[in-house]
Amino acid sequence: MRIAVASTRAGRVELVDPDGDLRLEVDRAALPAEVARLEVEVKPRWVWRDTGEWAPELLAAGVRVARCHDLRLCGAILAASTFVGEASTPATTRPAWLPQGPAEAMVPSASGPVPSAVQRGPALFDLEADPVGDVSAGSAPRAEEVAAEHDRQLALVAASSRPGALRLLLAAESAGALIAAELHAAGLPWDRRVHERVLAEALGPRPTPGRKPVRMEELAEVVRLALEAPLLNLDSQADLLRALRSAGIAVDSTARWELREHDHPAIAPLIAYKRLARLLSANGWGWLDEWIVDGRFRSEYVAGGTATGRWATAGGGALQLPKAVRAAVAADDGWMLVVADAAQLEPRVLAALARDPAMAAAGRGRDMYRAIVDAGVVATRDEAKVALLGAMYGATTGDSGRLVPRLARAYPQAMGLVDRAARDGEAGRAVTTLLGRSSPLPPARWHELQARATQPDATDADERRARSAARDWGRFTRNFVVQGTAAEWALCWLAGVRNRLADLAPRSPSRAAAGSGPVFARIPHLVYFLHDELIVHTPEELAGEVAEAVREAAEDAGRMLFGDAPVEFPLDLVATGSYASID
DNA sequence: ACGATTTGCGCC
DNA sequence: AAAGGGCGCAAATCGT
């Protein structure tokens with residue numbers, strides 16, 4: 001059973017089962033209680049325009065739903081998917097109240113979510129996104145319209161070339177939207193004192209506003225002496241670059257990887273300075289004050305926020321937590337963190353996706369890179385890693401590029417798959433993940449470049465530019481199929497973990513997690529997700545069962561995507577008090 | 001003065 | 001070992 005949810009012009013909420021006779025209208029304040037009742041009585045799939053419009057207030061009121069269909073996210077997938085036939089009639093047009101185009105970010109506003117003004121294309125060099133017209137989401141839909149749009153999307157799936165795959169993808173994507181809201185509501189448990197200790201050890205005591213930490217001042221002075229530039233401001237890269245050059249260090253940028261190549265007494269302290277400056281500006285005391293409230297870090301997760309289906313975040317940088325501060329992620333008293341990540345996920349996904357028997361054999365054990373060495377393809381584990389990453393990212397030069405051909409001989413099917421994806425991209429065609437998420441098409445500017453290169457009066461420079469842009473886009477599509485399919489595996493894993501945790505829930509532990517909000521205070525709950533890694537915060541007596549649930553969900557995900565393909569997806573998994581880095 | 005762009009770097 | 005894919009964020013710099 002499904003229930004369409006929509007707000008009325010009078011600010012009330014309609015709940016409609018379009019296939020039955022359920023039809024309710026309630027005050028917004030009464031919504032959580034009504035949803036909770038229906039969740040118990042009929043356990044429907046909730047159908048709504050945007051999970052972000054509804055889930056937060058439900059969670060704040062202590063109500064969680066099991067399943068939903070997010071029309072915005074699913075509509076974006078279907079609009080782009082090559083699994084969906086071209087024969088779209090006027091009757092299958094997306095409604096005005098759903099944003100057009102793939103995966104625009106929706107930003108909250110007073111009148112409800114609206115699409116952000118800019119539609120960002122992939123961040124590929126200087127290619128600009130297509131200009132986008134009026135993308136106003138229009139007024140809020142009525143429940144009948146929500147249900148009709150759901151019907152339209154289901155019909156597209158049914159008429160597609162791979163209905164089963166798309167159904168799984170849409171379910172996983174919608175589950176992801178719920179989980180994103182739940183991660184925000186629960187928050188990541190954070191020990192401010194541990195974080196402050198990390199900062200003090202690295203930077204010295206917290207400086208007064210406007211001053212730099214003493215460790216940074218000391219290092220800056222060493223650099224100035226070594227460069228004989230007594231007044232140099234290290235924070236100005238232009239000044240810094242000039243100073244480096246007049247000290248005889250031939251660099252084209254102040255980037256660390258380039259600095260590292262040079263031997264000069266200023267280099268080591270400069271790199272140390274930059275490391276501290278980064279820690280201070282990204283995760284220093286200011287960040288603590290802004291983001292840690294009541295012992296929780298509440299980032300906003302953006303499910304489906306990137307072209308490949310990986311998530312993004314808005315604010316707080318939750319997906320870029322430096323290893324140095326992860327020790328501050330600490331379970332509440334009486335609770336534990338179950339930390340799990342999928343080891344070598346992307347190469348395993350490639351092996352399974354391509355059904356490459358030789359690479360799958362390497363992907364059967366715990367260490368795929370070691371297995372590639374044992375198979376005699378390359379000499380060292382490092383080479384195996386670099387070669388495999390190079391194959392997936394499209395490396396052509398350097399050691400990585402040099403090793404790729406050996407990989408191609410050993411694993412022709414796997415390399416064939418990514419090479420084909422690259423050729424499709426170079427030709428301006430979309431590529432598609434296992435479950436049906438398709439890559440965006442290159443922007444108009446890209447096509448102009450290609451067209452110009454074929455003109456009779458095209459210059460060498462025109463051709464060079466066009467070829468370079470084509471190859472850039474080919475590297476994007478090459479990586480897209482692997483990264484996107486890995487994101488699908490991870491989403492299925494995450495959704496599976498969520499479902500299994502819900503089954504563990506009824507037994508309540510003795511101690512409540514005080515900062516986790518009304519829904520999660522007494523039950524194991526997800527608190528973090530990072531592409532191929534997740535954390536569950538759990539009462540300690542349930543940690544063993546949670547770990548088992550996480551493992552089972554990973555096995556399920558492998559089967560759901562790849563059936564009996566002989567590739568394993570082993571987890572690195574620990575139950576611990578803190579997320580302190582172990583490697 | 002202020003918004004947009006660039007640079008550098010954190011994560012996967 | 002090399003500088004290949006996807007992101008977000010902060011600060012400096014550029015452009016108006």
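What you are looking at is a predicted structure, and each value in this text was computed from that prediction instead of being measured. Naming convention: chains lettered A, B, ... in sequence-line order (proteins, then strands); numbering from 1 in each chain.
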Which whole-number value in Å describes the distance from A/Y301 OH to B/dC11 P?
16 Å
Distance-only side-chain donor-acceptor flag, A/S439 / A/T477, under 3.5 Å:
no
From the candidates C/dA2, C/dG5, B/dC9, the one with an atom nearest any side-chain atom of A/R256 is B/dC9
Which part of the nucleic acid does A/D399 contact within heavy-atom distance under 4.0 Å: base, sugar-phosphate only, or nothing?
sugar-phosphate
Do the non-hydrogen side-chain atoms of A/M359 and A/Q413 ever get within less than 4.5 Å of each other?
no
A/D572 and A/R366 ion-paired at < 4.0 Å
yes
For atom CZ of A/R260 and atom C1' of B/dG8, their distance in whole Å:
13 Å
Taking only N/O atoms, report every protein-nucleotides 11-16 of chain C pair under 3.5 Å with atom names and distance.
| unit_1 | atom_1 | unit_2 | atom_2 | d |
| --- | --- | --- | --- | --- |
| C/dT13 | OP1 | A/S236 | OG | 2.4 |

May I ask you to say what A/A314 touches in the nucleic acid, namely base, sugar-phosphate or nothing, with a heavy-atom cut-off under 4.0 Å?
sugar-phosphate
Any donor-acceptor pair under 3.5 Å linking the side chain of A/E173 with the backbone of A/C74?
no
A/D472 CG - C/dG4 P separation (whole Å)
9 Å
What integer distance in Å separates A/E261:CD from C/dA1:P?
11 Å
Any residue meeting ring pair (Phe, Tyr, Trp, His ring centres under 6.0 Å) with A/Y528, in chain and number order, not counting sequence neighbours
A/Y579
Rounded to whole angstrom units, what separation is found between the CZ atom of A/R475 and the P atom of C/dC7?
15 Å
Is the shortest side-chain N to carboxylate O distance from A/E426 to A/R423 below 4.0 Å?
no
For a quick test of reading the model: is some side-chain N or O of A/T254 closer than 4.0 Å to OP1 or OP2 of B/dG8?
yes
Can you see if the side chain of A/K385 gets near the phosphate of C/dA1 - specifically, an N or O under 4.0 Å from OP1 or OP2?
no
Name the closest nucleotide to the A/E533 side chain, picking from C/dG6, C/dC7, B/dC12.
B/dC12
Compare the minimum distances between each of C/dC7, B/dC12, C/dA1 and the side chain of A/D532, then state the nucleotide with the smallest one.
B/dC12
Any base atoms under 4.0 Å from A/G316, or only sugar-phosphate, or nothing? Heavy atoms, all strands.
sugar-phosphate
A/F476 CZ to C/dG6 P, in whole Å, measures 6 Å
Measure from CG on A/L319 to C1' on C/dC7 and round the result to the nearest Å.
8 Å
Would you mind checking if A/D367 and A/K385 are paired as a salt bridge, meaning a charged N to carboxylate O distance below 4.0 Å?
no
Under 3.5 Å, is there an N or O donor on one side and an acceptor on the other linking the side chain of A/R278 and the base of B/dC9?
yes
Looking at the base of B/dC9, is there any donor atom on it, or on the side chain of A/R275, that sits under 3.5 Å from an acceptor on the other one?
no
So if I take every side-chain heavy atom of A/Q320 and compare against C/dG5, B/dC11, B/dG8, which nucleotide ends up nearest?
B/dC11
Between A/W291 and A/W257, which residue's closest nucleotide on DNA chain C lies nearer the 5′ terminus?
A/W257
Donor-acceptor pair, distance only, cut-off 3.5 Å: does the side chain of A/D70 make one with the backbone of A/T51?
yes
Within this structure, what is the OH-to-P distance between A/Y393 and C/dA1, rounded to whole angstrom?
18 Å
